[in-house]
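These notes concern the structure reproduced below.
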Amino acid sequence: MPSKRRLRWAAVPVGIASAALLAGCTPTQLHGFLPGFVEDGTPATNHTDMVAGLWVNSWIVLLAVGVITWGLMLWSVIAYRRRKGQSGLPVQLRYNMPVEIFYTIVPLILVVGFFAFTARDQNILETQYEDPDVSITAYGKQWSWDFQYNGEQEDNSDAVYSMGVQAAETDEGYDLDDLPTLYLPVNKEVQIELRSRDVIHSFWIVDFLYKKDMYLGRENFWSFTPTREGTYAGKCAELCGEYHSAMLFNVKVVSEAEYDQYLASLRTAGNTGDIGDLSRLQNYRTTDASEGNE
Ligand SMILES: [Cu+2]
């Protein structure tokens with residue numbers, strides 16, 4: 001049939017045009033405007049591409065459903081509009097079996113599909129490393145963070161740590177250069193144990209596209225591999241009191257050599273031992289409190 005062939009030829013320029021359009025997209029646009037994607041395509045962690053994939057593919061499916069729905073609405077509004085000389089109600093249609101089956105089955109497929117893909121990805125995200133290269137304990141506290149880099153000893157006597165204080169407020173907002181900083185070695189298996197010293201906090205590294213709550217009396221873990229060196233913003237994502245918004249930190253993903261050097265500097269500074277037993281720390285920012293950071 002000539003019309004069918006014409007349609008097939010029409011698909012060629014449409015395909016080329018959309019390919020060209022996508023090629024012109026920035027990595028941020030291709031990942032559904034999620035944060036943390038850079039020009040050369042190196043993901044921030046071993047999980048971020050998967051998370052972005054779930055997000056983008058969900059939007060594609062939902063937009064397709066949207067386009068079909070909007071199209072049907074528009075079509076019925078135009079095709080069945082009141083014509084000149086008509087009055088009263090139009091012919092009423094109901095119990096149309098094909099239509100009823102269609103709009104029961106399609107949402108069912110969507111819900112089951114979204115559930116299955118979410119469960120699959122969540123399973124991967126929640127799988128903990130059996131034997132991580134780096135074991136860290138992060139403590140949330142009103143309103144800052146302590147980071148303990150665990151060593152080989154069972155009692156953590158050889159651990160090193162840094163203790164933070166909340167962000168300082170300046171005229172231009174918070175001083176982001178003076179925050180507690182978590183160091184991570186690039187391309188190493190990291191496991192962070194998430195704990196709280198007081199109320200519920202939530203540990204969120206924005207560009208890593210993941211966050212997890214910190215509780216009292218419950219152990220939470222997060223296993224991942226940072227794959228791109230750089231500085232990342234972290235914050236508390238659970239309203240935890242007056243200075244919740246000042247509960248900020250930085251993450252520095254560095255080479256292994258730089259990481260070891262940082263840990264050695266903590267050891268030199270005398271920041272050794274287990275800080276797990278400390279209860280609420282005094283961490284209201286005072287004039288010289290910034291010494292607590294880094
Ligand atoms: Cu908090």
Side-chain angles (χ1 to χ4, degrees), residues 34-36 44-45 47-48 51 122 125-126 128 134-150 156 159-184 190-224 226 230-253 266 271 273-294:
L34 289 173
T45 78
H47 290 148
T48 47
V51 173
Q122 184 179 309
L125 287 171
E126 291 297 322
Q128 303 300 324
V134 169
S135 159
I136 292 167
T137 310
Y139 297 91
K141 60 186 185 181
Q142 287 172 321
W143 288 276
S144 193
W145 313 85
D146 298 336
F147 302 119
Q148 174 173 306
Y149 304 84
N150 300 319
N156 282 330
V160 293
Y161 63 81
S162 71
M163 291 196 207
V165 294
Q166 73 198 56
E169 227 168 335
T170 67
D171 289 340
E172 290 98 53
Y174 292 119
D175 181 1
L176 300 180
D177 297 324
D178 179 28
L179 296 178
T181 303
L182 172 66
Y183 280 72
L184 299 174
V190 173
Q191 184 177 59
I192 305 180
E193 184 183 351
L194 302 168
R195 296 226 238 151
S196 171
R197 296 202 189 276
D198 36 50
V199 299
I200 300 175
H201 301 280
S202 182
F203 185 80
W204 183 23
I205 303 172
V206 180
D207 286 357
F208 290 9
L209 305 181
Y210 194 68
K211 63 185 171 193
K212 200 158 182 174
D213 279 5
M214 303 169 125
Y215 297 103
L216 280 175
R218 187 199 148 99
E219 290 180 332
N220 259 355
F221 291 92
W222 176 13
S223 284
F224 63 97
T231 303
Y232 303 88
K235 52 179 79 180
C236 179
E238 180 75 49
L239 180 60
C240 57
E242 189 175 2
Y243 293 102
H244 161 69
S245 60
M247 195 168 163
L248 306 172
F249 63 105
N250 283 328
V251 178
K252 280 199 161 88
V253 177
L266 290 177
N271 291 2
D274 191 344
I275 54 170
D277 286 337
L278 298 173
S279 60
R280 262 166 205 263
L281 294 180
Q282 171 62 27
N283 53 47
Y284 288 97
R285 179 168 281 276
T286 56
T287 43
D288 63 344
S290 62
E291 283 167 23
N293 282 336
E294 196 69 17

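Counting convention: from 1, in listed order, for ligands and their atoms alike.
- The Cu ion (ligand 1) has an N, O or S atom of Cys236 under 2.8 Å away, backbone or side chain.
- Taking CG from Leu209 and NE2 from His47, the interatomic distance works out to 11.5 Å, rounded to the nearest 0.5 Å.
- If you look at Phe224 and Phe208, their ring centroids are closer than 6.0 Å.
- Residues Tyr174 and Tyr243 place their aromatic rings such that the two centres sit no closer than 6.0 Å.
- Looking at Tyr139, Phe203, Tyr161 one by one, the single match for ring pair (Phe, Tyr, Trp, His ring centres under 6.0 Å) with Trp145 turns out to be Phe203.
- Checking Met247 against the Cu ion (ligand 1), an N/O/S atom falls under the 2.8 Å cut-off.
- The name of the N, O or S atom in His201 nearest to the Cu ion (ligand 1) is ND1.
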